[in-house]
Each structure stands twice: as C-alpha cells, then as structure tokens.
Number of protein chains: 2
Amino acid sequence: MARRFRGSEEVKVDAKGRVSIPAKFRRIFEASDPDFEAGKRAQLVIVHGTRDWNWLQLFTIEAMEEIEDGIARMPRGSAARNLLENIYQGHADEAEIDGDGRLVLPQKLREKIGLTDSAFFISAGDSLKVWTPEAHAEEERALEARVPELEPGADPLSLLSLAEEG
Amino acid sequence: MARRFRGSEEVKVDAKGRVSIPAKFRRIFEASDPDFEAGKRAQLVIVHGTRDWNWLQLFTIEAMEEIEDGIARMPRGSAARNLLENIYQGHADEAEIDGDGRLVLPQKLREKIGLTDSAFFISAGDSLKVWTPEAHAEEERALEARVPELEPGADPLSLLSLAEEG
DNA sequence: AGAGATGCCATGGGATTTCATGGGAAGCAA
DNA sequence: TTGCTTCCCATGAAATCCCATGGCATCTCT
C-alpha cells in the first residue's frame, strides 16, 4: 500500500465541523498508522502552525514520527530546533478518523483558517494540506506568479531542466 | 516492447465515464508499469493540472517516476519545485485500466475538460493527452500560431535547426 | 479462393458496492 | 438548560464488478 498522498479533493464541512476524508486519502492514513487494524480508527496529527498559516496540515503517524526524529537530531536549544518544536509539537493536535470516514475539525481550527462550508484537500508528499477553496486558489496563483520563467502555454516540465543547470 | 506512444485515436465516452484505451496505447501502459503482470491491471497516473488546463495527461508509471525523481532533485522550497509538485502531485490521480481495457474518468475530471460523448487521445512522448475533439482542434490551431517563424507551406523539420542555435 | 471459425477489440447495460453527506438522539460539560 | 461532542442510522449518487454484443481482421479448412 502506498504511503504517499496524491491528488486533491473538495469536500463539505457540515454544521458540526465534520469533513469526510476522501477514501483514497483515508487508506493512506490507515496504511501509515502502525497501530491501525480493521475496524479501528486511523490516527493522524493536525498541524496548524503559526499565526500566519491559513491552512492545516494533516500528517500520517509515520510521517510525524520521521519529523520528530529529525527534530530530535538537531542541537538541543538551537533556534532552528526551537522553531520546529514550536510548530510541529506546540501547534499540533492528535486526531482520528471516525467510523464514517470523517474527521472532526475543532471549531478553533476551523476559525483559524476561515473554514465554513467546504474544504479543499491537496496532497503534499506525506501530508495533506487543508484550505478553504478560495485560499487555495489564491495560493496557487501566487505559486504561478513566483515562476515567471514559465511562459503561458509552455510545458511545466521544461522547468525540470533548470534543476541541472542552477 | 516500445515505451513511447505514437498516433492518436478518438473513442466514445459512455454514460459512466468509461473510455476504452485503444489497444496500442494499452500495451505501452502495461509495458511501462513495473508491477504489471498478465491478468492484473495496468496502473497509470492522470494529471489534470491547474485551472486553465482543458486536457488530461495520462502518464505511465515509469514516466511518472522519472518526473518525480526530477522534481526531487530540485532545491526543496524553490518556487519552480513547488509549482511542479502542485501540478504533478496535487493535481493528479492514480488510476488503472480495468479488465475490459477501459479507464474510468471520474466525473470531476470529465467536467473539468468538458468531456461528454467522445474523447480524443493523442501521443505526447511518454504521455497521452486527452481532449474533447473540439478542444483538440482548437489547440492544434493555437500550436501553429505559437511558432510564427514557420511559414505556411514550409517543412516543419526546418525548425530542428533552431535547437542548435538556441 | 471462399466459407466458416476464431480472436481481439470497442461498446453497452444490469446489479451491487462504496462513498460523501445529512440528521436524530444520547452523552457530557459549562 | 444550552451548547458541543459522539454514536448510529439513512440516502442518493457515483464507482465497480461482471457479463453481453457486434464489428473487423485473421486464420483454417476444404
């Protein structure tokens, strides 16, 4: 079973703050939770980061363990380590996917990113980012604007050759 | 077995969104899927890209792995890398060719490119592009317009020399 | 060569399952 | 009580499974 997310999906957020985790993503969370077994609930970690983040990031248990190992190897007390600990441990919550395949996003977190009636999930390697559909569209425009060397109509893969030069 | 697509084909899209993958293309997908074996289903990746794409791009597993390796070699956090990840990871889906040689295009993707009752497949190296027949005709006209240095009636191969000059 | 058989292929459809989503009611806390 | 949670059930739509058909090309047998 794959351990990486791929794709994106828009889902409804109901009045109780529940969001259905699209089935293809749910399977990744299940496969990447060492304690998961049929009938039980897959665990995951919701990172909401610092004030300026307008998205949430959902990590599988395995991905989170890797990150924590990475942090543990950094010099204790270094500014960088403190920063990472602040984000990934301080501004993170444990959560689980319920029997109906849904995740309940606490009100605080919904408010932080401005979620009301629908949420946009998009894969980011071994995590899933959650945005309001509008915030994501905005982010995507910004992303494109940051790569002026890609002419309209050009194949994005032409960017790969840049890697070998610079 | 060849690993590159050649040619184009128009096929029907039925009410369930199923499209028959022309046999010559199907064999490429099978040959380029490392885990494929007789009786099993060939895997592939459907990239639908950002808002403005009005086509889908079907990649073999091997082609997609190459792209992902290329992306992985780019500097983490660079604008170009983020853009490519957004397209090829965020706006892509895993899929497979069913026992009847068909691919099911999810409703969302059909709507995105305006697909209704028939689809036009055209080879693009190690991927296959899918358009509505109308959109493809339009694209073909635009393609020519983007290369003004080719005079009407001139041999397109004359363009090859441009590559050497830069 | 011609007739018939065989196989591959594109296409269609019914039946079943999965999935996203909505809502009621019980549990719990302020 | 009043508002959140948590658990359980309901439903329509979409996706999946499985089987069927007709056309075209190739092969085989006489």
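The figures here come from the full heavy-atom set of this structure, side chains too, leaving out hydrogens, waters and symmetry mates. Letters A, B, ... mirror the listed sequences (proteins, then strands); counts begin at 1. All values derive from a computational prediction rather than experimental measurement.
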Tell me the salt bridge (Lys or Arg N to Asp or Glu O under 4.0 Å) pairs involving [range], sequence neighbours left out?
range                       : result
residues 121-131 of chain A : none
residues 99-122 of chain A  : A:D100-A:R102
residues 30-56 of chain A   : A:R41-A:E96
residues 145-154 of chain B : B:E139-B:R146

Practice prompt. Please tell me which of A:R41 and B:R41 maps to the more 5' nucleotide of DNA chain D, matching each residue to the nucleotide holding its nearest heavy atom.
Written response: A:R41

Using a 3.5 Å cut-off and no angle test, enumerate the donor-acceptor pairs between side-chain atoms of residues 59-71 of chain A and protein atoms at least two apart in sequence or in another chain.
from  : atom 1 : to    : atom 2 : distance (Å)
A:T60 : OG1    : A:A63 : N      : 3.1
A:E62 : OE1    : A:R3  : NH1    : 3.2
A:E62 : OE2    : A:R3  : NH1    : 3.0

Worksheet item: What is the per-nucleotide protein-contact pattern of nucleotides 18-23 of chain C, from the 5' end, where B denotes a base atom under 4.0 Å from a protein heavy atom, S denotes such proximity for sugar-phosphate atoms only, and - denotes neither?
Response: -SSBBB

Worksheet item: What are the residues of residues 105-112 of chain B, sorted by number, that bring a heavy atom to within less than 4.0 Å of DNA chain D?
Response: B:P106, B:Q107, B:R110

Worksheet item: How far apart are the closest heavy atoms of B:M74 and B:A80, and which atoms are they?
Response: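 That would be CE-CB, 3.6 Å.
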
If the condition is side chain to side chain donor-acceptor pair (under 3.5 Å), which residues does [X] pass it with, not counting sequence neighbours?
X      : answer
A:S118 : A:E10
A:E138 : A:R141
B:E85  : B:R81

Worksheet item: Of all residues at least two apart in sequence or in a different chain, which pass the ring pair (Phe, Tyr, Trp, His ring centres under 6.0 Å) check with A:F120?
Response: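 A:F120 satisfies ring pair (Phe, Tyr, Trp, His ring centres under 6.0 Å) with A:H136 once adjacent residues are dropped.
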
Worksheet entry | 5' to 3' contact window, DNA chain D with chain B (heavy-atom distance under 4.0 Å) |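 Answer, 5' to 3': D:dA14 to D:dC19.
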
